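This structure is a prediction, so every number in the text was calculated from the model and none was measured.
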Amino acid sequence: EELVAKAIAPVKAEYLRPPPPSSGVVKEKKSKRQLKRERRQEQKSALNICPVVAKRGSGDACTYGDKCRFSHDLDAFLAQKPPDLEGSCPFCPYGITCRFLSTHKKKTHEINKLNKDFQRLLWKNKVTFPKADAQLKLLGLDTRPLKKIKDMSLRPHPREKKLIDFSRKLYLAPLTTVGNLPFRRICKMLGADITCGEMAMCTNLLQGQASEWALLRRHSSEDIFGIQICGSYPDTIARTVELVDRECEVDFIDINMGCPIDIVCNKGAGSSLLTKPMRMKSIIQAASGTTDKPITVKVRTGYFEGRNRIDSLVSDIAQCGASAITIHGRSRQQRYSKLADWDYIYQCVRKSPNTLPVLGNGDIFSFTEWNKHITECPELSTSMIARGALIKPWIFTEIKEQRHWDISSGERFNILKDYVNCGLAHWGSDSKGVETTRYFLLEWLSYTYRYIPVGLLDIIPQRLNWRPPSFFGRDDLETLMASDSAADWIRISEMLLGKVPEGFTFAPKHKSNAYDRAENG
């Protein structure tokens with residue numbers, strides 16, 4: 001009870017161990033000039049082979065010839081190429097650079113890829129948005145002169161909207177960095193019903209940035225799939241909605257009005273919209289009037305702690321055309337600290353009109369917590385699962401089977417194997433694809449180490465806000481998976497993807513996962 005009061009996980013005494021000592025070594029930081037010099041040397045390397053030459057297997061295949069900034073020396077590349085990995089190639093357009101060179105497949109199950117010709121039109125600002133522009137003019141929100149619009153009655157009637165049945169569905173939240181397509185595939189295998197892509201910035205999509213469009217990709221196994229977009233103004237969001245509706249296969253479009261990150265809020269997007277209710281309403285009206293797909297909204301309780309306001313806006317959000325709203329039970333100021341305020345979420349549910357499904361979000365980490373929210377507030381449509389799925393993606397299995405799964409280290413390792421296979425199919429099986437898969441695997445491992453096996457706990461279930469102490473597992477692999485050291489995460493990646501390149505280091509992207517220990521880089 002004393003440990004739980006301090007938010008420390010109550011691990012059985014026989015499994016506890018003292019935390020490892022800090023080595024006190026400070027890592028040398030490289031200057032920008034040194035990094036630039038290293039990049040230039042890397043470009044001149046034979047390993048940096050031209051992708052066209054690699055794919056076709058001929059040095060004359062590249063149309064740029066001697067002016068190409070990549071190497072065309074096939075023999076030099078093959079001499080320096082790292083050894084192939086064990087297993088078969090999941091999908092390969094990479095030619096001789098593939099790390100599974102002897103086994104190639106040509107089929108992919110991914111959709112929503114950005115067409116190069118269409119990308120050039122976006123670059124040149126030659127894409128038109130007749131539906132969005134007509135809706136913006138109808139609302140008096142137009143910010144640029146219209147080209148000829150033949151039909152001004154383009155706004156779909158609310159009854160014509162396609163609806164998604166969220167009721168009691170297991171919904172994986174859109175998760176930045178780790179909620180990528182391979183991770184969503186793992187969650188689908190483990191029982192998730194609804195998936196949503198990572199948050200994509202509207203301006204970047206409209207500019208045709210390939211990295212942003214990659215966030216919209218969908219796997220064929222994602223039968224109910226949405227994308228999440230984030231923007232500051234009605235015109236930007238309406239045109240993005242029309243663009244997505246025209247170019248992608250999605251079941252719904254979610255507008256992020258809850259992101260707490262400074263770089264997003266400083267641009268007037270994310271949580272900062274909670275301070276501008278009129279703009280919130282205009283955005284929802286403009287978006288819902290541009291497409292017949294359901295428009296959903298994700299918000300927080302308010303901007304400042306102790307000043308909740310979303311309960312006063314839910315009726316207006318419904319009237320503006322939203323098909324559902326997800327409420328994260330924290331304010332922007334709280335970020336992810338303290339516990340989510342589910343009592344306030346229930347209050348919002350009861351104030352909302354019957355036509356608007358309300359979803360709750362925050363701190364769900366077991367089937368008992370899921371059941372509790374459904375029981376305490378039957379009007380709640382469902383609960384979105386976010387960080388709980390990052391730490392243990394089998395939470396979806398636990399909810400469906402109504403049990404605490406004491407999963408073994410071998411079963412967890414098999415899940416990591418499946419993730420690596422999905423990653424190689426998505427990011428590629430050449431050296432770059434292998435290292436990209438490794439990077440995202442390590443990002444995920446920076447969450448999974450927080451899981452404490454059921455058999456090691458004095459009190460079940462584990463709570464999301466409990467800090468895990470240093471402990472021994474029931475076998476060496478379980479102990480390794482419980483380590484908070486990035487050096488051990490790298491060891492796990494080497495068990496799946498082979499040795500890391502020389503000089504490789506890793507530090508988690510999210511500061512909440514970063515440690516001051518030297519071996520973490």
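For CG of Asn354, the number of neighbouring non-hydrogen atoms (other residues, nucleotides, ligands) closer than 6.0 Å is 12 at most. In the displayed structure, Asp262 atom CG is contacted under 6.0 Å by more than 12 heavy atoms of other residues, nucleotides or ligands. By the 6.0 Å contact criterion, CZ on Arg335 is enclosed, its count of non-hydrogen atoms from other residues, nucleotides or ligands being greater than 12. Atom CD of Glu379 sits in a crowded spot, with more than 12 heavy atoms from other residues, nucleotides or ligands closer than 6.0 Å. No more than 12 heavy atoms of other residues, nucleotides or ligands shown are found within 6.0 angstrom of CD on Glu2. More than 12 heavy atoms of other residues, nucleotides or ligands sit less than 6.0 Å from atom NZ of Lys400. The 12-atom threshold is not exceeded at NZ of Lys432, counting heavy atoms of other residues, nucleotides or ligands nearer than 6.0 Å. At most 12 non-hydrogen atoms from other residues, nucleotides or ligands lie less than 6.0 angstrom from NZ of Lys372.
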Could you walk me through whether Lys298 and Asp254 pass salt bridge (Lys or Arg N to Asp or Glu O under 4.0 Å), step by step? CA-CA 7 Å; Lys298 189 166 188 287; Asp254 187 64; over 6 Å; no
Would Arg168 and Asp193 count as a salt bridge (Lys or Arg N to Asp or Glu O under 4.0 Å) here? Give the steps. CA-CA 10 Å; Arg168 305 300 186 263; Asp193 297 316; over 6 Å; no
Verdict with supporting geometry, Ser381 and Val358, side chain to side chain contact (heavy atoms under 4.5 Å, CB included): CA-CA 6 Å; Ser381 180; Val358 180; 5.9 Å; no
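In this structure, the ring of Phe252 has its center less than 6.0 angstrom from the ring center of Phe166. Not less than 6.0 angstrom separates the ring centroid of Phe367 from the ring centroid of Trp405.
Taking the charged nitrogens against the carboxylate oxygens, Lys338 and Asp363 have no contact shorter than 4.0 Å, which rules out a salt bridge.
Here CD1 of Ile263 is found 8.0 Å from CG of Asn266. Values are rounded to the nearest 0.5 Å. Note that CD of Glu198 and CD1 of Ile227 are 12.0 Å apart. Values are rounded to the nearest 0.5 Å. Summarising the geometry, atom OG1 belonging to Thr296 is positioned 10.0 Å from atom CD1 belonging to Ile284; distances are rounded to the nearest 0.5 Å. Put simply, CD1 on Ile8 and CG on Asn465 are 11.0 Å apart, with the number rounded to the nearest 0.5 Å. Rounded to the nearest 0.5 Å, atoms CH2 (Trp489) and OG1 (Thr448) are 8.5 Å apart.
Residues passing the ring pair (Phe, Tyr, Trp, His ring centres under 6.0 Å) test with Tyr344: none are found, sequence neighbours excluded. Applying the side-chain contact (heavy atoms from CB on, under 4.5 Å) criterion to Pro174, with sequence neighbours excluded, gives Cys196, Gln228, Met384.
Using a 4.5 Å heavy-atom cutoff, the side chains of Pro10 and Val4 are in contact.
Minimum heavy-atom separation, Arg184 to Gly179: NH1-O, 3.2 Å.
Between Phe440 and Trp427, the ring planes lie parallel to each other; the angle is under 30°, not in the 30° to 60° tilted range.
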